[in-house]
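In what follows, every chain begins at residue 1, and chains take the letters A, B, ... in the order their sequences are listed.
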Amino acid sequence: MSVPEKPALEGLEQKWNARWESQGIYRFDRSRPRDQVYAIDTPPPTVSGSLHVGHVLSYTHTDLIARFQRMLGKEVFYPMGWDDNGLPTERRVQNYFGVRCDPSLPYDASFTPPAQPPKHAISISRPNFIELCAKLTAEDEKAFEHLWRYLGLSVDWSMTYATIGKREQRISQMMFLRLVRRGLAYQLEAPTLWDVDFKTAVAQAELEDREQPGAYHRIHFAKAAGAGSIAIETTRPELIPACVALVAHPDDERYKPLFGSHVTTPLFGARVPVMAHALADPEKGSGIAMICTFGDITDVTWWRELKLPVRAVVQPNGTLGPVTWGTPGWESEDPVRAQQAYDQLAGLSAKKAQAKIVELLRESGDLAGDPKPITHAVKFYEKGDRPLEIITSRQWFIKTIEFREQLLDRGRRLQWHPEYMRARYENWVNGLTGDWCISRQRFFGVPFPVWYPVRADGSIDYGGAIVPDEASLPIDPSTDVPPGYTAAQRGAAGGFVGDPDVMDTWATSSVTPQIVTRWENDSEVFAHTFPMDLRPQAHDIIRTWLFSSVLRAHLENGSLPWAHAAISGFVLDPDRKKMSKSKGNVVTPLGLLQEYGSDGVRYWAARGGPGVDTAFDVGQMKIGRKLAMKLLNVSKFVLAGEQADGEITETLDRGMLMSLAELVDETTRELEQYDYAKALQRVESFFWAFCDNYIEAVKSRRYGDHGPEAAASASTAMRRALSVLLRLLAPYLAFTCEEVWSWWQTGSIHRAPWPTAADALGTTLDDTGERAAYGNLAVGLENIRKAKADLKLSVGTEVQAVRYFGPHGEVEALRHIERDLKSAVRAGSLRLEVGEPSVAVTLKPAEG
RNA sequence: GGGCGGUUAGCUCAGUUGGUAGAGCACCGGCUUUACACGCCGGCUGUCACAGGUUCGAGUCCUGUACCGCCCACCA
């Protein structure tokens, strides 16, 4: 045993991380059978971003559970992953190195980026681009790992994965190809939500609404020859050339007579039908809307259901494309005028085209009055800067809609913590409107492992997709050559082309359960870890990550990917807003860990219960640090001096241990239900009472003032209690508890068995009033201390006598521990009597 | 517009099945007490968001309202 003279928290993180690593404390033993394993599907943080205090909150929550399960005897499977896939990384690499990806270029093995990013971006091949992504993310990952270790995550760092790694790509591609083979993934040319800056399709799950200024424009459409006009209102007049019909509600008396007739569009003279559809809202605008291909999702619905033609003007880059009026599809009553008008719009962005067309409509007299400014919600890609357009393109989809009921059922079988989070999942699944678009027109991501034959006329045969053998995965169709072809045939007539797209980041993230459990890769690990036990994650990505993971496991494995989902909240700043970079209120996690100690920060995190948004509060971290400090000091006291082992004969000692046994049961129950916050609160309050009341009460007895047997009872009881309390606190104060454990025990506390009631009690003790005695110690001490405080006496002042009056039960209980109570309050004599509660203190006669 | 969560002391939060409102922080006062001044002891602090209802009794159950947060829908 070696108890330091002056215990300190400083340096514990480095000291214990080094030992945990060298002793492999958190190493996963793959030979353990499934029922002895607890497997966690850790969220891989996006490495090109930076870690913030919100990550610290939720990752700590997971670690609390991991440590608890490990001490329960489970072999915890707890790998860390990095999400280095996707747009954020790509954007960062482009700026950092000054490069641009051109998938048509061949790989250049000798390419090295210039020391300084050049003025004009250098075009490089996709493999070269990906190499740079890997290079940059490797550095980020090092910094992340350092932070996680410092925080004390009990991760098995030998099992780390990266979403863009070879093995991970292989799984992602293999799962995709199996879906293709089963007809569950398909490609389709269809209107898709499109970001004009990233020039890629995006999924429903990646949308967000933003309030934007806009304006209603009231515009006249001419009825048949001289019959007047109809006014519609639109926020997007620039789409008038893309107008294919007008629509009103079938019951709208104002427009009923017009259904089936035609009107002509202003400026362009295109003849479009007036149609009826229930989705048209008589209350909105003038009650009649123009349908464009495509202004919004409702347009898509109308277009599909009313079987309208396509007249697309917005191009993938967000500008209006070239159109020749008077040609098929672009019929006009006055092609020359239409062309004249349109030529002034072509090449402009939607926004500039809008300004221009308003001018033109004003001149032509088709605009009624001035545009009415409004503020309305517009759909954006969550990472984008301009409103989404809807553009027709060829994309890959995974079937979801036909599995709605089964997915809802999976959601019901999943155990949610907290329970009410299930509603968000159901909400989302019930609101799905289409299959999941998984292709993105980007470069850094998992490529679609598919080639297409090029016909003799140079056109591409998308229907005849060429797929590789599973054994050859992962492949990159932009550089790898399909079987039976030569590299020279790439892009040539009669040859092939690779699918240029990559998978959506969620398409890869959704298979983290299969990735980490080594599906189709290591059958032993897979069999011992899948389906997993826990998916920890934040509530904002239930609709994305959680949902898509459930879908993929449902389709591939016919099961849930995990039994439990633990949803953590956000960190709120003092104004109760979600903390975010844009608000400039992000603090660096490493700085916090250094200032308050990892255990202090872990304490703060642990107080935020499952699913609860938690205020950022350094005050709580200070309290956590104080708790850790107290633990060091009280442990030093408990372990100091002679360590006589003996029978626990004293009432107070027995009562304390009985209460402790109860604490163990309650705490265990709460942790089993993932309620680490409540469990902590319980242990913490027991611990402080233990220090301030029990330890104070038995101090003099422990020093031997009442004989060796009574002393041995105290020191045995307090050491047993310390052992139990340390283990109850070990998941929270991972470093401090390990430090204290090392003073007098062998092995890591994090592999020590979780305490049981029997550990506290030793042999089963019958309660003959001991528990009540311990329970009343606090109130007894409090009453006497108050009486002394009223006399302006210090707690340590010796007094001649104390007469204590209280209710029957209280006095009876205190009589059992009279001697300890008397010592604790330093009274020469103590009389306990039933009566009106009061305490009389007699001072010692003044000396001399 | 729909769904979910929240509203308790100045602050951060607990409040189990209805039974006299709690903790910590902050604040005020006291204390060399041989584990700890990163400490100890004591004290002050509440229309439990609001309005109804059920009940002998409501912070807790029911109905409604307001505000905050999140998710979804709407987007002409």
Worksheet item: Lys786(A) or Val634(A): which one's nearest nucleotide on RNA chain B is closer to the 5' end?
Response: Val634(A)

Fill in: Spacing of Arg422(A) atom CZ relative to G5(B) atom C1', expressed in whole Å
16 Å

Worksheet item: Given atom CG of Asn427(A) and atom C1' of C4(B), what is their separation to the nearest angstrom?
Response: 8 Å

Worksheet item: Is Arg669(A) salt-bridged to Glu672(A), going by a charged N under 4.0 Å from an acidic O?
Response: no

Item to complete: Assess whether atom NZ of Lys256(A) is packed by more than 12 heavy atoms of other residues, nucleotides or ligands within 6.0 Å.
Response: yes

Worksheet item: For A35(B), does either OP1 or OP2 sit under 4.0 Å from a side-chain N or O belonging to Lys6(A)?
Response: no

Practice prompt. Take atom P in A23(B) and the same atom in A14(B), then report the distance between them in whole Å.
Written response: 16 Å

Worksheet item: Is it true that Lys626(A) and Glu684(A) make a salt bridge, defined as a side-chain N closer than 4.0 Å to a carboxylate O?
Response: no

Could you go over nucleotides 15-26 of chain B and give all protein N or O partners under 3.5 Å, atom names and distances?
{"from": "G15(B)", "atom 1": "OP1", "to": "Lys678(A)", "atom 2": "NZ", "distance (Å)": "3.3"}

Item to complete: With the side chain of Arg424(A) defined as its heavy atoms from C-beta on, choose the nearest nucleotide among C4(B), G29(B), C41(B).
Response: C4(B)

Worksheet entry | Side chain of Glu696(A) - closest among A35(B), C31(B), C40(B) | A35(B)

Fill in: Protein-nucleotide distance (Phe380(A), atom CZ; C74(B), atom P), rounded to Å
17 Å

Practice prompt. State the dot-bracket string of RNA chain B. Criteria: Watson-Crick or G-U wobble, both atom distances under 3.5 angstrom; notation: ( ) intrastrand, [ ] crossing earlier pairs, | interstrand, . unpaired.
Written response: (((((((..((((.....[..)))).(((((.......))))).....(((((..]....))))))))))))....

Worksheet item: Relative to Phe637(A), does Arg702(A) satisfy both conditions: NZ or CZ under 6.0 angstrom from the six-membered ring centre, and within 45 degrees of the ring's axis?
Response: yes

Worksheet item: If you look at every heavy atom in Thr265(A) and Val272(A), which pair is closest and at what distance?
Response: CG2-CG1, 4.2 Å

Worksheet item: If the C1' atom of U16(B) is compared with that of U54(B), how far apart are they to the nearest Å?
Response: 22 Å

Response to the item:
Heavy-atom nearest nucleotide on RNA chain B taken for Ile232(A) and for Gly431(A); more 5' hit belongs to Gly431(A)

Worksheet, complete the sentence: Against the side chain of Ala423(A), the closest entry in C70(B), A35(B), G3(B) is G3(B)

Worksheet item: Should Arg785(A) and Asp692(A) be marked as a salt bridge (charged side-chain N to carboxylate O under 4.0 Å, His left out) after you check the CA-CA gap, both sets of side-chain angles, and the distance that decides it?
Response: CA-CA 12 Å; Arg785(A) 282 166 177 165; Asp692(A) 296 341; over 6 Å; no

Response to the item:
Testing C71(B), C74(B), C13(B) for proximity to the side chain of Ala615(A), the answer is C13(B)

Item to complete: Give the C-alpha distance, both sets of side-chain angles, the deciding distance and a yes or no for side chain to side chain contact (heavy atoms under 4.5 Å, CB included) between Leu725(A) and Leu663(A).
Response: CA-CA 10 Å; Leu725(A) 286 170; Leu663(A) 172 77; 4.1 Å; yes

Worksheet entry | Distance in angstrom units between Arg785(A) CZ and G43(B) P, rounded | 11 Å

Discussion item. Taking any heavy-atom pair under 4.0 Å as a contact, classify Asp692(A): base, sugar-phosphate, or nothing.
Written reply: sugar-phosphate

Worksheet item: Whole Å only: how far is the CG atom of Leu793(A) from the C1' atom of U33(B)?
Response: 13 Å

Fill in: Rounded distance in Å - NZ (Lys792(A)) to P (C40(B))
21 Å

Response to the item:
Value for NZ (Lys844(A)) from OG1 (Thr797(A)), rounded to nearest 0.5 Å, stands at 10.5 Å

Worksheet entry | N/O donor-acceptor pair, side chain Glu5(A) with base A35(B), under 3.5 angstrom | no

Worksheet item: When rounded to the nearest Å, what value does the distance between P atoms of C50(B) and C11(B) take?
Response: 15 Å

Discussion item. Using a 4.0 Å heavy-atom cut-off, does Met290(A) contact any base of the nucleic acid, only the sugar-phosphate backbone, or nothing at all?
Written reply: nothing

Worksheet item: Of all the nucleotides listed (G29(B), A35(B), U33(B)), which has the minimum atom distance to the side chain of Lys699(A)?
Response: A35(B)

Practice prompt. Could you state the atom-to-atom distance from CG of Leu12(A) to C1' of C38(B) in whole Å?
Written response: 14 Å

Worksheet item: What's the closest nucleotide to the Lys630(A) side chain, out of C40(B), U33(B), C38(B)?
Response: C40(B)

Worksheet item: Which residues pass the ring pair (Phe, Tyr, Trp, His ring centres under 6.0 Å) test with Trp416(A), sequence neighbours left out?
Response: Tyr425(A)

Discussion item. What contact category does Ile219(A) fall into here, base, sugar-phosphate, or nothing, at under 4.0 angstrom with non-hydrogen atoms?
Written reply: nothing

